[in-house]
Amino acid sequence: MGTILDGKTLAKDLKAELGKKVADSGLHPKLAVVFDPENDGSRLYVGMKQRAAAKVGIATQDIAVPADVTNEAVLKIVADLNADDSVTGILVQAPLPAAVNDQEIFSAIAPAKDVDGLGAYNQGMLFGDQEGEYAVAATPQGVMTLLDHYNIDLKGKKALVIGRSQLFGRPMSALLNNADATVTIAHRYTPAEMLAAELKTADVVVVGVGIPNFITGDQIKDGAILVDVGMNVVDGQATGDIDYDSAADKASFITPVPGGVGPMTIATLLESTFQAALNQVGK
Ligand SMILES: NC(=O)C1=CN([C@@H]2O[C@H](COP(=O)(O)OP(=O)(O)OC[C@H]3O[C@@H](n4cnc5c(N)ncnc54)[C@H](OP(=O)(O)O)[C@@H]3O)[C@@H](O)[C@H]2O)C=CC1
Ligand SMILES: Nc1nc(=O)c2c([nH]1)NC[C@@H]1CN(c3ccc(C(=O)N[C@@H](CCC(=O)O)C(=O)O)cc3)C=[N+]21
């Protein structure tokens, strides 16, 4: 049985520390959250983010967009938030309604307020492994913080990222590359035999595709480090992309779902929101 990477406890500790820092700073960070209220996942996760923000002293402002919203209308919302000095951070919860090009919207956020790091500027800084203060996508950054907390050194390891979204796979692969792992990215068009061969040899597997129990214990190398980003609802229960029971026996470390990556995403978003507010006053 591998060691459980307990994101829930670490996230709780990080949020407690952050709450003190926010209080001591005298700043009043405010996060604007643009989301689709008809998307069940968005409603749930946005609600969790807002409650967590309130607990650490970060105010939030909800902007629920209607189902028939246009791309232009969302660009206008973002432009107004960019210009509003009381708003220190902007989060666009994906996915927005069908007519909206999420990536175009992410890139319209002023880089200094792009606390989820999904815009072209911040993603470019990450892919270039540039020096300086810039926000990195909360989920992959949260994964890195969790691995680091358990003293997992990625240098020289063979890492496999399954999924290549802007939100997760692409920034995850950049972070692992920047940490000197040798990174493979798999996606929908990766042939099953190729994926199987990669899984058999990977030291670290990070999966986020949105298919319950996509990865099973028999597919992985003995002692692999497994990180499950998947967030599926099966019979009303949060379920990951890894078949936990079969995989936990073979892994050296494994994240549970719930209680692994999800809470780290939220804690990281809040940390990035505070950091953005500090940067904006030159602290
Ligand atoms: N815990 C957390 O904090 C978070 C959890 N999530 C969860 O992670 C999962 C992925 O989210 P997200 O990245 O936003 O989703 P997307 O739908 O944007 O991306 C899914 C990715 O999985 C790939 N994929 C789909 N089917 C397969 C397959 N059979 N084999 C290999 N790759 C496949 C797709 O490939 P292609 O590019 O070729 O289409 C795509 O790159 C979801 O379950 C989501 O709920 C997401 C963000 C945060
Ligand atoms: N711009 C943007 N940034 C995101 O970070 C983003 C997004 N859009 N769109 C959707 C995904 C999904 N996401 C989750 C965050 C926390 C949990 C989480 O805390 N989950 C709990 C379980 C929740 C439950 O029980 O249902 C856990 O894993 O323990 C899940 C999913 C962020 N996302």
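Atoms within each ligand, like the ligands themselves, are counted from 1 in listed order. Predicted, not measured: the structure shown is a model, and the values here were computed from it.
Annotation: atom 17 (O) of ligand 1 to nearest protein heavy atom, Val209 O, 5.0 Å. Among protein heavy atoms, atom 48 (C) of ligand 1 sits closest to Thr139 OG1, 3.1 Å. Nearest protein heavy-atom contact of atom 3 (O) of ligand 1 is Thr265 OG1, 2.6 Å. When hydrogens are left out, the protein atom nearest atom 8 (N) of ligand 2 is Ala94 N, 3.0 Å; that is the closest non-hydrogen contact. Nearest protein heavy-atom neighbour of atom 13 (O) of ligand 1: Ser165 OG, 2.5 Å. From the protein, the heavy atom lying nearest to atom 10 (C) of ligand 1 is Gly208 O, 3.4 Å. Among protein heavy atoms, atom 42 (C) of ligand 1 sits closest to Gly210 CA, 3.8 Å. The nearest heavy-atom contact from the protein to atom 6 (N) of ligand 1 is Val229 O, 3.5 Å. Looking at atom 37 (O) of ligand 1, its nearest protein heavy atom turns out to be Arg164 NE, 2.8 Å. Of the protein's heavy atoms, Lys49 NZ, 3.3 Å lies nearest to atom 5 (O) of ligand 2.
The neighbour count for Phe127 CZ, taken as heavy atoms of other residues, nucleotides or ligands under 6.0 Å away, is above 12. Annotation for Lys15: atom NZ counts as buried by contact number, over 12 foreign heavy atoms lying within 6.0 Å.
When Leu147, Thr3, Leu154 are each tested for a side-chain contact (heavy atoms from CB on, under 4.5 Å) with Ile225, only one passes: Leu147. Among Asn232, Val229, Val257, the single residue meeting the side-chain contact (heavy atoms from CB on, under 4.5 Å) criterion with Asp241 is Asn232.
When each atom of ligand 2 is checked for a heavy atom of Gly259 under 4.0 Å away, the hits are 27 (C), 28 (O), 29 (O). Shown in contact with Leu44 at under 4.0 Å from a heavy atom are these atoms of ligand 2, numbered in order with element: 26 (O). Remark: ligand 1 atoms within the under-4.0 Å shell around heavy atoms of Gly163 are 21 (C), 22 (O), 41 (O).
Under the 3.5 Å distance criterion, with hydrogens and angles disregarded, no donor-acceptor pair is assigned to the side chains of Thr182 and Lys158. Counting only N and O atoms by type, the side chains of Thr139 and Thr265 include a donor and acceptor under 3.5 Å apart. For Asp148 and Thr145, the side-chain atoms include no donor-acceptor pair closer than 3.5 Å. A donor-acceptor contact under 3.5 angstrom links the side chains of Asn122 and Asp114, judged on distance only. Checking Lys49 against Gln93 by side-chain atom types alone, a donor-acceptor pair falls below 3.5 Å.
Salt bridge status for Glu38 with Arg43: absent, with no side-chain N to carboxylate O gap under 4.0 Å. Under 4.0 Å is where a charged nitrogen must lie from a carboxylate oxygen, and between Asp24 and Lys20 no such pair does.
Below 3.5 Å of separation, one finds an N or O of Gln93 facing an N or O of ligand 2. Residue-to-ligand polar distances place Met231 within reach of ligand 1: an N/O pair is separated by less than 3.5 Å. Between Tyr45 and ligand 2, no pair of N/O atoms sits closer than 3.5 Å. At a 3.5 angstrom cut-off on N or O pairs, Asp241 does not count as close to ligand 1. Here's the thing with Val92: one of its N/O atoms is less than 3.5 angstrom from an N/O atom of ligand 2.
With a heavy-atom cut-off of 4.0 Å, Pro258 touches ligand 2 through backbone and side chain alike. Counting heavy atoms closer than 4.0 Å to ligand 2, residue Leu269 contributes nothing at all. In Val257, neither the side chain nor the backbone holds a heavy atom less than 4.0 Å from any atom of ligand 2. Under 4.0 Å from ligand 2, the heavy atoms of Met231 that appear belong solely to its side chain. Residue-level proximity to ligand 2 for Leu118 is carried by the side chain, the only part with a heavy atom below 4.0 angstrom. With a 4.0 Å heavy-atom cut-off, ligand 2 is reached by the side chain of Ile266 but not by its N, CA, C or O.
Proximity of Pro263 to ligand 2 is established by a heavy-atom distance of less than 4.0 Å. At least one heavy atom of Gly262 sits closer than 4.0 Å to an atom of ligand 1. Not close to ligand 2: Gly41, with no non-hydrogen atom less than 4.0 angstrom away. Judged by the shortest distance from any of its heavy atoms, Tyr45 lies outside the 4.0 Å radius around the atoms of ligand 1. Within the structure, ligand 2 lacks Lys8 among the residues with a heavy atom less than 4.0 angstrom away.
Grouping the Ile, Leu, Val, Met, Phe, Trp and Tyr side chains by contacts below 4.5 angstrom, directly or via other members, places Ile215 apart from Val234.
Checking Arg188, His187, Met264 against atom 39 (O) of ligand 1, the nearest heavy atom belongs to Arg188. Taking each of Val233, Ile211, Thr268, Leu167 in turn, the one with a heavy atom nearest to atom 47 (C) of ligand 1 proves to be Leu167.
At least one protein heavy atom sits closer than 4.0 Å to atom 8 (O) of ligand 1.
Side-chain contact between Glu271 and Leu14: present, with at least one pair of heavy atoms (C-beta onward) separated by less than 4.5 Å.
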